[in-house]
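As the structure is a prediction and not an experimental result, all values here were calculated from the model. Below, chain A is the first sequence line, B the second, and so on; all start at residue 1.
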2 protein chains.
Amino acid sequence: MRVSTRFSDSIHILAFIEIYKNIRLSSEVIASSVETSPVVVRRLMSVLREHGLIDTKQGSVEPKLARKPKDITLLDIYFATEGNKPLFELDKKTNPECIVGGNIQEVLGDYYEQAKIAAQRKLNDTTLQDLIETILVKEKAKQSTK
Amino acid sequence: MRVSTRFSDSIHILAFIEIYKNIRLSSEVIASSVETSPVVVRRLMSVLREHGLIDTKQGSVEPKLARKPKDITLLDIYFATEGNKPLFELDKKTNPECIVGGNIQEVLGDYYEQAKIAAQRKLNDTTLQDLIETILVKEKAKQSTK
DNA sequence: ATTAACTGTAATTAATAAAGTTACAGTTAA
DNA sequence: TTAACTGTAACTTTATTAATTACAGTTAAT
């Protein structure tokens, strides 16, 4: 399996919709920034819409953020694209008759959950607004060295 | 891709070596607990040995932990099996000519790094000893309800 | 000294979930 | 009316993992 870039691409799409809100934002235009196909963009946008992060209108080019960028955290986006998927994978197939094999999934799962929550708390500290502002700062830095 | 269970299986192997240190610990015996093949166990043990977590001897059944269980954290094991692999995947192929595509990898990468470190700090709080003790408690709880 | 059992590792194959692509229905705008 | 769009399903390709096969080297038992 290829590593999933769904989460990162979804953040990209949301940032793009905000930064470029004054241009015509067809899925094809967005796809060229993400360097993927319009269908993939539409698929991701469908997920983002279902989770209340954007509004779209069928047949018409007018995607909009459904919330202000400062009200969308990276964690919101993560839940939209990854749901409750584990951050660290347990081996679901271990020998239940063995002390280790029979107990490790549950024990390790608890520790993994704690680590996952720690990471999620950090994602919850960062808003799409923070990200956009940093992108714009980096871009300006690039322009000033040219 | 099948999800990787390397990290979890490596923890399993280490716990098994400690809990069952008084039996003959061939890779076949360990493999039956993990429910995988001996070759896979040997491959993981090779990695654990390279990272100073176990000692092994070619041709002879005598794997040993190289450190006390209280001196091995889940983070040590994580570094052995996953190295510096990202916890959240960036899309490495975005349009460099676009403000978003050209800057998002670096900006997002920084935020991802912070979330990863938060998770790693939690892994560093837990030792193999903690895990083993919890496994033994859970096992005892099971026995007492029979 | 021989053989069986083991560790160690490389190469090949199989499995899986992701993205990419094709197809087309439904909607909107020109 | 038609072109361009969104939306979604189905199929194909791809990258990454474990499983399997193969075999070299080492050790222990006979």
Checklist entry - Less than 3.5 Å between a donor and an acceptor, one on the side chain of A:Arg43 and one on the base of C:dT21, is that the case here? => result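 Yes, a donor-acceptor pair under 3.5 Å.
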
Checklist entry - With no angle test and no hydrogens, is the base of D:dT26 tied to the side chain of B:Gln58 by a donor-acceptor pair under 3.5 Å? => result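 Absent.
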
With no hydrogens and no angle check, just 3.5 Å: does a side-chain donor-acceptor pair link [X] and [Y]?
X	Y	result
A:Gln105	A:Thr94	yes
B:Thr73	B:Tyr78	no
A:Glu62	A:Ser60	yes

Checklist entry - Quick one: on DNA chain C, does B:Val61 or B:Val39 contact a more 5' nucleotide (nearest heavy atom)? => result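 Its nearest nucleotide being more 5', the pick is B:Val61.
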
Checklist entry - Which residue, A:Leu44 or A:Ser60, contacts DNA chain C at a nucleotide closer to its 5' end, judged by nearest heavy atom? => result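 Its nearest nucleotide lies further toward 5', so the answer is A:Leu44.
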
Nearest of [options] to any side-chain atom of [X]?
X	options	result
B:Val40	D:dT20, C:dA15, C:dT9	D:dT20
B:Arg24	C:dG20, D:dA4, C:dC6	C:dC6
B:Thr56	C:dG8, C:dA19, D:dA19	C:dG8
B:Glu62	D:dA28, C:dG8, D:dA19	D:dA28

Next on the checklist: Whether A:Arg67 and A:Asp76 form a salt bridge (side-chain N of Lys/Arg under 4.0 Å from carboxylate O of Asp/Glu) is what I want to check.
Outcome noted: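 Salt bridge between A:Asp76 and A:Arg67, a charged N being under 4.0 Å from a carboxylate O: yes.
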
Indicate whether OP1 or OP2 belonging to [N] is found under 4.0 Å from a side-chain N or O atom of [X].
X	N	answer
B:Arg49	C:dT9	yes
B:Ser27	C:dG8	no
A:Ser46	D:dT8	yes
B:Arg42	C:dT7	yes

Checklist entry - Counting only heavy atoms not in A:Gln114, do more than 12 fall under 6.0 Å of its CD? => result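 Atom CD in A:Gln114 is packed in, count exceeds 12.
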
Next on the checklist: So A:Ser37, base contact, sugar-phosphate only, or nothing? Heavy-atom distance under 4.0 Å.
Outcome noted: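 Base, at least one base atom sits under 4.0 Å.
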
Next on the checklist: Using a 4.0 Å heavy-atom cut-off, does A:Ser4 contact any base of the nucleic acid, only the sugar-phosphate backbone, or nothing at all?
Outcome noted: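 Sugar-phosphate: the residue A:Ser4, judged by heavy atoms under 4.0 Å, touches backbone atoms but no base.
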
